[in-house]
Structures are given as structure tokens and as C-alpha cells.
Q: 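Attaching a single structure in C-alpha cells format; questions to follow.
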Amino acid sequence: MIAKGLDFPNVTLVGVLNADTALNLPDFRSSERTFQLLTQVAGRAGRAEKAGQVLIQSYNPEHYAIRFAKDQDYEGFYAYEMSIRRQLGYPPYYFTIGITLSHKKEEEVVKRAYEVMGILRSGLSETSKILGPTPKPIARTHNLYHYQILIKYRLEDELGPTLNRVLALTQERENSELRLSIDHEPQQFL
């Protein structure tokens, strides 16, 4: 709440506990979100003519997101983060599609997830990268098991027809209890 732009003129000390907790989330944007939150909250201390101080507690103080946030080095963080994303094939250098499958029986969702992966591998070019299937970080909610597949691609002519084949799988009678969602450029991987 304090990090989101509120102006408290008499705040001169800001403390952040466990600043690196979000770095352990299974999301390629976790470093960016940590850097953003730390720089935002640091901006709350020392407004107007009063000097401010920021204390950051971290188990991993040498992580680049924390180092760059400590130095308020936006350009340095951007350059470092973009080099990592380029090497690993994440946005903005690649497009992403997240596919989530859910079913009340875990063995059934695993079976269908591997079937979807087979459709993707046979339909997409070798330049596309398919990650998964893996259980979602929160693998079970509302009595459903959740598995995910991530596709990273640049140019993919057969993407539309291949995803239509995946969707057709859900129309088969034996898959009536299977839930499937396709998310272009997912913002969360949890």
C-alpha cells in the first residue's frame, strides 16, 4: 500500500523485510517486480525537504534486482534484465503462450497434458520452445489438479491451427470434465 504512490510527508525511514521473497516465485518477471517494488517503496522515504533512509532486509543481498534497486540504477537493471531475457528467450524477445489444463483426477490431467504436448510438438516448428507440462505452483484448487505448458516462439506459421487442434481435444466426449485455457502473453505463472 505504501509503495503505490501515496505521499506521507513525514516518513523519513522505510524498512523492507524479506525483500527477496518474491525472487523465488516461478515467474521470469520476479526480478522485475522485486526491483519495481523496492524502488517504489524507497521513494516514499525523505519527501520534500526531509532526508530519508531505506533499510532492506534480504537473504540474497547480492541478487542483481536488489543491488540495482539499492543504487536506484534503472538503466543498469534494464540492461542486465534484457540480456537475461534475450539469452533465455523471454519477452520482449519471444512471445509466450500459457496453456493450463485442469481436471478432478490428477492422472487424467497428466495424461491430457502430455497429449497436448504431443500435439504442440507435431504442429509447431523446432524453433518454438515448449516448457512442461508441469504442475502449477498451486497445483490443486477447488478439487481440481492444474498442469501448465508454456510455449515460447518468435515466428510460428502453424500456431493458430495447432492451438485449434488443442482446443478440439476438449470437445471430445471423454474430455468433458477437462478444463483448458490458452493465455497469450500470460502475466502470471502462478
Q: If the plane angle is over 60° it's perpendicular, under 30° parallel, otherwise tilted; pick one for Y90 and F28.
A: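 Y90 vs F28 ring planes: parallel.
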
Q: For E81 and Y78, indicate whether the former's side chain and the latter's backbone hold a donor-acceptor pair under 3.5 Å.
A: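 No.
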
Q: Charged N to carboxylate O below 4.0 Å: is that the case for R112 and E177?
A: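 Answer for the salt bridge query: no.
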
Q: Validate the cation-pi geometry between K105 and Y145: distance from NZ or CZ to the six-membered ring centre under 6.0 Å, angle to the ring axis within 45°.
A: no

Q: Please say whether the positively charged group of R154, taken as NZ for Lys or CZ for Arg, lies over the ring of Y94, i.e. under 6.0 angstrom from the six-membered ring centre and within 45 degrees of the axis.
A: yes

Q: Mind checking whether V116 and P133 have side chains closer than 4.5 Å, heavy atoms only?
A: no

Q: Just so I know, are the side chains of P61 and K70 near enough to count as touching, which here means a heavy-atom distance under 4.5 Å?
A: no

Q: Decide yes or no for F35 and Y64: does some side-chain heavy atom of the first lie under 4.5 Å from some side-chain heavy atom of the second?
A: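 F35 does not reach Y64 side chain to side chain.
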
Q: Are I138 and H146 close enough that some pair of their side-chain heavy atoms sits under 4.5 Å apart?
A: no

Q: Taking I97 as the fixed residue, which of L150, I149, I151 is the one that meets the side chain to side chain contact (heavy atoms under 4.5 Å, CB included) rule?
A: I151

Q: When rounded to the nearest 0.5 angstrom, what distance separates CE in M117 from CZ in R121?
A: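 So the gap between those two atoms works out to 4.0 Å.
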
Q: Kindly compute the distance separating CD (E158) from CD (E156), expressed to the nearest 0.5 Å.
A: 7.5 Å

Q: So how far is it from N175 CG to T170 OG1, rounded to the nearest 0.5 Å?
A: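 These two atoms lie 7.5 Å from each other.
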
Q: Do L169 and E115 have side-chain heavy atoms sitting under 4.5 Å apart?
A: yes

Q: Run through H103, K136, E106 and flag the one making a side chain to side chain donor-acceptor pair (under 3.5 Å) with Y147.
A: E106

Q: Heavy-atom distance under 4.5 Å between the side chains of T96 and D183, does that happen here?
A: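 A side-chain contact under 4.5 Å is absent here.
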
Q: Show your working on side-chain contact (heavy atoms from CB on, under 4.5 Å) between D20 and H63 and close with a plain yes or no.
A: CA-CA 8 Å; D20 47 14; H63 190 280; over 6 Å; no

Q: Run the salt-bridge test on D73 and R67 with the 4.0 Å N-O cut-off and return the result as yes or no.
A: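 No, D73 and R67 are not salt-bridged.
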
Q: Within the 4.5 Å heavy-atom criterion, are L180 and T100 side-chain neighbours or not?
A: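 Heavy-atom side-chain distance check fails, nothing below 4.5 Å.
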
